[in-house]
Amino acid sequence: MKRVYNFSAGPAVLPEAVLEQAAAEMLNYNDTGMSVMEMSHRSKAYEAIILEAEANLRKLMNIPDNYKVLFLQGGGHLQFSMVPLNLMKNKVADYIVTGVWAKKALAEAKRYGDARKIASSEDKMFSYIPDCDDLNISQDADYVYICENNTIYGTKFHKLPNTKGKDLVCDMSSCILSEPVDVSKYALIFAGAQKNIGPAGTTIVIIRDDLITDDFLPFTPLMLQYKINADNGSMYNTPPTYGIYICGLVFKWLLDLGGLEKMKTINVEKAKLLYDYLDGSKLFKGSVAKKDRSLMNVTFGTGNPELDDLFVKEAKAQGFDNLKGHRSVGAMRASIYNAMPKAGVVALVEFMQQFEKVHG
Ligand SMILES: *Cc1c(COP(=O)(O)O)cnc(C)c1O
């Protein structure tokens, strides 16, 4: 069967070149006579894989030397817990709630301290990013928390909040590596790999090294301490070895492509194709405030749930898969991560034009 254009929000499309390389190396990686899956994480061959993956991520994101890179497990959700357990030293933290993921992170932090909601866009179904230039930041806040790209709604912070000197913690799960970022503006960045990097099961944490201390909340389980993971090069226990290998192939693919500046140019082109069409369409409408639109997750609908369902069904039959919006918001969402080729977006827009001709 032919491959489809997969617009899934995650786990999501991966670069075909990466899948082909993984397939070619499946039975015998680099003359080791075994698959990466079968390899000891303590072997020389595997050590080279994880060290190269880290080095290439550092190069791609221009990560300063005073930041550690960790390859962990547990997805975004475990970071909702690890962040407060390790960083809430004063037991106060400020959360900006721009969607369900930030809301869940806030609820988890409340289990460990005084986690405060200092801004929210829930009044309009999370369809915009609130103004964060002059927020009521708590004086004793250990950090300010954001979810930079809101996967479900299709919004993104295009400007970081003014944290008034407090450390910024960021869930970057669905926009990491989509464009260059200044890592030094963040105290901690985390991302589940399954959106824009690799397979589910690997979580990347980029953390400023002064935050890696023994001063976590006293009941923090060993494996949830950043320190034990950092001190052991993400190998205190068995890391998600195969997932990290695929992430490493994706990092190489991005470097070969020309890095994140180039990736951003392509992502802007792809998103513009869709948004320009939506802005001119009489049938389809974009779902969120224009100034806050995401480059990665494009949400739209016709306003008629039955017609939306028909669109999703007909699109699927034509090889455009996973266009249904998140179950909490409905309508449609096209996730156009790094690995979605421009041809996929061009073809989707053509299909939408045809659909509009018939149903508009
Ligand atoms: C998908 C997603 C999550 C949840 O990730 P899990 O790995 O399933 O725990 C959290 N935050 C964002 C921004 C996401 O897109």
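Just so you know, these numbers come straight off a predicted model, no measurement behind them. In each ligand, atom 1 is the first atom listed, and ligand 1 is the first ligand listed.
Interface of H77 with ligand 1, defined as ligand atoms under 4.0 Å from a residue heavy atom, comprises 4 (C), 6 (P), 8 (O), 9 (O). Close approach of ligand 1 to G76 (heavy-atom distance below 4.0 Å) involves ligand atoms 5 (O), 6 (P), 7 (O), 9 (O). Counting the atoms of ligand 1 from 1 in the order shown, those under 4.0 Å from a heavy atom of T151 are 12 (C), 13 (C), 14 (C), 15 (O).
One N or O on the side chain of S178 and one on the backbone of C175 form a donor-acceptor pair closer than 3.5 Å. In this structure, the side chain of N232 does not engage the main chain of S234 through any donor-acceptor pair within 3.5 Å.
No part of A9 comes within 4.0 Å of ligand 1, judged by heavy-atom distances.
Contact between G192 and ligand 1 is absent, with no heavy atom of the residue lying under 4.0 Å from the ligand. Distances from ligand 1 to the non-hydrogen atoms of C147 include at least one value under 4.0 Å. Residue contacts with ligand 1: Q194 is included, with a non-hydrogen atom under 4.0 Å away.
Nearest protein heavy-atom contact of atom 1 (C) of ligand 1 is K195 NZ, 1.5 Å.
Remark: among candidates N196, D171, I176, the nearest residue to atom 11 (N) of ligand 1 is D171, based on non-hydrogen atoms.
Of the options L57, L177, I244, L72, a side-chain contact (heavy atoms from CB on, under 4.5 Å) to I204 is made by L57 and by none of the others.
Looking at E47 and R42, no side-chain N of the basic residue comes within less than 4.0 Å of a carboxylate O on the acidic one, giving no salt bridge. Classification of D114 and R116 as a salt-bridged pair holds, one side-chain N sitting under 4.0 Å from a carboxylate O.
Residue pairs satisfying the ring-ring contact (aromatic ring centres under 6.0 Å, His included) criterion with at least one member in residues 140-163, sequence neighbours excluded, are listed as follows: Y95-Y143, Y95-Y145, F126-Y153.
Using cut-offs of 30° and 60° for the angle between ring planes, the F320 and Y5 rings count as parallel.
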